[in-house]
Amino acid sequence: MNYLNFVLENKKLLAFGLLMTCLSGYGQTYLLALYVPYLIEEFTLQNAQISVYYMVATIASALILPQIGKYIDKISLVKYTLMATVIFILAMVLMSFNQYWYFLPLAFFGLRIAGQGLFSHIAITSMSKYFQKGRGKAISLASLGHPFGQAALPIMVVGLINLFGWRESLLVNALIVLAIVPLYLYFFIDEKKLVVHEEASPTDSSSFKKEVSQWEIMKSRTFWLLAPNLFVLSFTVTGLFFYQFAIAEFKGWTLEWMAVGLTFYAISGSLAILFAGPLIDKYTARKFFPFYLIPFLLAILFIWIFSDPLVIFPYMILMGASAGFGNAIVSALQVELFGAGFIGKVRSIFASVMVLSSAVGPAIYGVVVDAGFSFDVVFIGSLLLMFLIIVLSFRIVPNYTYAKMKYKYKRRHRRFDFFNIFNLRH
């Protein structure tokens, strides 16, 4: 089934996934960073102080997300989405009316766990649970909400701040979400038609019971196969983006040039997401898992070696390709390896890993830079880490596949020797 027919047949549920990932931007760093200057001025804070508040809130949301995220398997999709929306609205209202600095971490926590955590979790989990044929395309189309949000939300929020003020803009944003989400759920989501598609024998999941604890998931070999990839992708992307302007200064590039590069990142990521869906449906996500980080490795290699401003284009394009493919591949692979029966519980753990890495990445990079090291050290360290994770990714290839490849190589070698006229002994 091509994209057009697939979208037309499933437009309501697909639009829901796209909507939730787009609205998750309200809890993402790229949007919350727009309010940081106003918060610093309002509460007379230093950059280090508000960074610590933000990191503590992010880590707290990462620790609590698995406990909340697992209930999407037990609660109806509509009720669960409304509960997440209530948390988000309360956090927005608190941020708007707050007069005391010590409430900032709580407001950050609500926005991070509801926006970045639960909204994305709801979108991708629903695509994973309610699609079997075309699951890769469904996850890819829902994931497009992330670049859409990156393109549209900052412009809208800046306009609202200029028009109403930063406190009032938060209330307007809350009203927008309060109007859109419940109305969409009421008019377009019919839970009677939502069916969980569980494979008869999910790959590598025969050892998992129908009811499995989060601790059992985290102890499994499958979890430790996927977790490092998800961690390093979010860790590196967030770290490099957090210090993108410092990197531009280090390289002698203008901020405008870096901004142009970000546009190419968004375009590349969107195209990668669109291409990933049909490829996953046709060949499975497992086939691409060991390779999707390689463009990212090349991107970091380029920015380390070259200082010409033109390198910003391959850097952003390759990084966007890995991020786009990676989001779709890892999400689909979680269903392939664990099954769809308790995918909400599984995804909540991996979402927690992603949120935690997004908090740790900027902190680690900041420690390296503050210690007096140049960004060359950051690039080299990122390269080594990325290379290690890529090598470990090949553990997903079954042993019998390696044995088959080895056998074919030996057979090919013998046939070559047989026809080699310069080696008459064979």
Side-chain angles (χ1 to χ4, degrees), residues 13 17 20-21 24 61-77 80-81 83-84 113-114 116-132 135-136 138-140 142-143 194-234 276 280-281 284-286 288-289 292 326-358 389 392-393 395-396:
L13 188 56
M20 296 306 293
T21 51
S24 73
S61 69
L63 296 177
I64 294 180
L65 187 57
Q67 307 308 318
I68 301 177
K70 65 183 180 182
Y71 288 106
I72 196 172
D73 293 327
K74 301 177 181 180
I75 302 175
S76 72
L77 179 64
Y80 192 87
T81 304
M83 289 171 60
I113 196 168
Q116 183 194 32
L118 292 178
F119 277 17
S120 295
H121 176 56
I122 290 168
I124 306 302
T125 301
S126 58
M127 299 302 103
S128 303
K129 289 175 64 175
Y130 303 125
F131 287 95
Q132 184 174 22
R135 179 181 288 145
I139 292 174
S140 295
S143 299
L194 299 180
V195 179
V196 177
H197 291 288
E198 173 68 271
E199 289 82 354
S201 56
T203 309
D204 287 0
S205 64
S206 57
S207 60
F208 293 107
K209 309 186 294 291
K210 185 68 175 178
E211 287 295 330
V212 61
S213 70
Q214 291 181 326
W215 179 243
E216 288 176 299
I217 294 171
M218 294 178 66
K219 289 194 301 181
S220 68
R221 174 183 176 273
T222 307
F223 173 81
W224 289 102
L225 177 66
L226 298 183
N229 289 65
L230 187 61
F231 184 93
V232 76
L233 181 61
S234 181
I280 291 171
D281 290 336
T284 74
R286 176 193 286 268
F288 302 98
F289 180 69
Y292 77 88
N327 287 334
I329 288 170
V330 174
S331 296
L333 196 57
Q334 290 167 20
V335 190
E336 291 181 15
L337 298 182
F338 288 95
F342 49 92
I343 190 59
K345 186 180 294 184
V346 172
R347 273 203 49 79
S348 67
I349 299 175
F350 284 105
S352 176
V353 171
M354 183 270 292
V355 174
L356 180 63
S357 63
S358 70
I389 297 301
L392 292 176
S393 300
R395 292 178 298 162
I396 199 171

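FYI, side chains are in, hydrogens and waters are out, and symmetry mates aren't considered; it's all heavy atoms of this structure.
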Return the [atom1] to [atom2] distance between [X] and [Y], rounded to the nearest 0.5 Å.
X	Y	atom1	atom2	value
S140	I329	OG	CD1	9.0 Å
I75	M83	CD1	CE	4.5 Å
K70	I68	NZ	CD1	10.5 Å
N229	L392	CG	CG	8.0 Å
W215	S220	CH2	OG	11.0 Å

Going by the rule side chain to side chain contact (heavy atoms under 4.5 Å, CB included), which residues pair with [X] if we only count those two or more places apart in sequence or in a different chain?
X	value
P66	Q214, S348, I349, S352
A332	I139, I280, A285
A114	I87, F88

So, [X] side chain and [Y] main chain: donor-acceptor pair closer than 3.5 Å or not?
X	Y	value
S234	L230	no
T21	A142	yes
S357	M354	yes

Over all atoms of both residues, closest heavy-atom pair of [X] and [Y]:
X	Y	result
L225	F289	O-CZ, 3.6 Å
A227	F350	N-CE2, 3.8 Å
P228	I389	CB-CD1, 3.7 Å
V335	R135	CG1-NH1, 3.1 Å
L233	G326	CD2-CA, 4.4 Å

Original post:
Would you say L13 and M127 make side-chain contact, with heavy atoms under 4.5 Å?
Top reply: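 Counting from C-beta outward, L13 and M127 do come under 4.5 Å.
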Subject >> Student check: side-chain heavy atoms of I396 and L333 closer than 4.5 Å >> reply: yes
**OP:** Might you work through the side-chain contact (heavy atoms from CB on, under 4.5 Å) test for R286 and L337, ending with a clear yes or no?
**Re:** CA-CA 9 Å; R286 176 193 286 268; L337 298 182; 3.5 Å; yes
**OP:** Applying ring pair (Phe, Tyr, Trp, His ring centres under 6.0 Å), name anything that partners Y80, two or more places apart in sequence or on another chain.
**Re:**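 Result, ring pair (Phe, Tyr, Trp, His ring centres under 6.0 Å) vs Y80: none returned.
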**OP:** Could you please spell out the steps behind the side-chain contact (heavy atoms from CB on, under 4.5 Å) verdict for Y292 and V330?
**Re:** CA-CA 10 Å; Y292 77 88; V330 174; 3.5 Å; yes
**OP:** Taking side-chain hydrogen bond (donor to acceptor under 3.5 Å, both in side chains) as the test, write out the residues that go with D281, two or more places apart.
**Re:**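 Residues passing side-chain hydrogen bond (donor to acceptor under 3.5 Å, both in side chains) with D281: K137.
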Going by atom type alone, with no hydrogens or angles, which donor-acceptor pairs under 3.5 Å involve a side-chain atom of residues 117-124 and a protein atom two or more places apart or on another chain?
from: S120; atom 1: OG; to: S24; atom 2: OG; distance (Å): 3.3
from: S120; atom 1: OG; to: Q116; atom 2: O; distance (Å): 3.4
from: H121; atom 1: ND1; to: T125; atom 2: OG1; distance (Å): 3.2
from: H121; atom 1: NE2; to: G69; atom 2: O; distance (Å): 3.0

**OP:** Classify the angle between the aromatic ring planes of F342 and F338 as parallel (below 30°), tilted (30 to 60°) or perpendicular (above 60°).
**Re:**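 F342 and F338: perpendicular rings.
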